[in-house]
Participant: 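Structure in C-alpha cells, see below.
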Amino acid sequence: MREYLIAGNWKMNKTPSEAAALAKEILPLVKNSTSKVMVAPSFVCIPAVAEVIKGSNIILAAQNMATATEGAHTGETSVLMLKELGVEVVILGHSERRHIYGETNEMINEKVKLALANGLKVDLCIGELLEEREAGKAEAVCYEQLEKGLAGLSKADMANVMIAYEPVWAIGTGKTATPADAEAIHAACRGKIAQLFDEATAQATNIQYGGSVKPDNVKELMAMENIDGGLIGGASLTAPSFGALANFDK
Ligand code: 13P
C-alpha cells in the first residue's frame, strides 16, 4: 500500500539559523506522524537543517539540482554536493523552476536521470497553467510532463520516483483544486504511469497534491483515492501548521 507523504517545500524562505529553528520546532510535532514527513530547505540551509533532523523520521530534500555533476556551471549545485550533505530526495521540475527559470521537460529529464544514477530519490513536479486548464488541456499538459520527464527510466527506477501534481493556478494563491478536480488529474496521471511502465508501478507510485494545501483542507484532499500526500509551500513555514498537516486526521 502507498504511504502518505507530507512534504514542506520551504522555497526561498528562512535563513540558515531560522531554518534550523523551524526544524527544531517541527521535530517533536511530527515524530509520531503516521505519514512520511519531508522538508526541503534552500541549498544554503540544508547543512543546518540536516544537523537538527539527524536520526529523526524527517526526510531531507533539496528543491533543485544541476544537470551536471561538476565543472563550469556558475551558480549551480550538484547532486554530489547534495548527497554529501545527507539529502535523500530532490524535488525536480517545480513550476517555479519551469515558469520563472525556463526549465524545459528535457532539462528536467536530464536531472531526473542524473539524480537516480547517483542514488537520490526524485519528486517530479507537474501541473498546468490556468490558461491551459481553461483550454481543457490540463491532462494533456500533465501527460506530456510525465512522458518527457520520465523518458528513459526503467520500472526499477520508478521505485525511487514520486510525483507531485501542482496546478500552477493553485500555488500560493489560496485557490485549491477541489478534491474531485485534483483526484481526476491524479487518477489520469496514474493511468499514464501504467501506460508508460505497468499497472503495478502505477499503483506503487506516490502522487502528492500541491497548491494551497492547509490544515483545514488537507483531510478532504487526502481522502481521495489517488492523492497520496501533499507538497506544501506557505503552510509548511510555521511549526504548528506543518505539525497539523503531518498529523492530519486520516
Ligand atoms: P503553496 O502551498 O504555498 O500553495 O505552494 C505549493 C507549492 O508550490 C509546493 O511546492
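Just follow the structure's listing: the first ligand is 1, and inside any ligand the first atom is 1. On a predicted model such as this, the values are computed, not experimentally measured, just so you know. Values below: every heavy atom of this structure, side chains too, minus hydrogens, waters and symmetry copies.
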Participant: Got more than 12 heavy atoms from elsewhere within 6.0 Å of CD, E106?
Facilitator: yes
Participant: Starting at NE2 of H186, measure out to CD1 of I207 and round the result to the nearest 0.5 Å.
Facilitator: 6.5 Å
Participant: So which protein residues pack against ligand 1 under 4.0 Å, heavy atoms counted?
Facilitator: N9, K11, H94, E166, A170, I171, G172, G211, S212, L231, I232, G233, G234
Participant: Salt bridge (charged side-chain N to carboxylate O under 4.0 Å, His left out) with K83: which residues, sequence neighbours excluded?
Facilitator: none
Participant: With side chain to side chain contact (heavy atoms under 4.5 Å, CB included) as the test, would you mind laying out the steps for R190 and D228 before giving the verdict?
Facilitator: CA-CA 11 Å; R190 201 176 299 286; D228 308 319; 2.8 Å; yes
Participant: Give every residue pair that meets the ring-ring contact (aromatic ring centres under 6.0 Å, His included) criterion with at least one member in residues 230-250, sequence neighbours excluded.
Facilitator: Y4-F248
Participant: With sequence neighbours excluded, tell me which residues meet salt bridge (charged side-chain N to carboxylate O under 4.0 Å, His left out) with E96.
Facilitator: K11
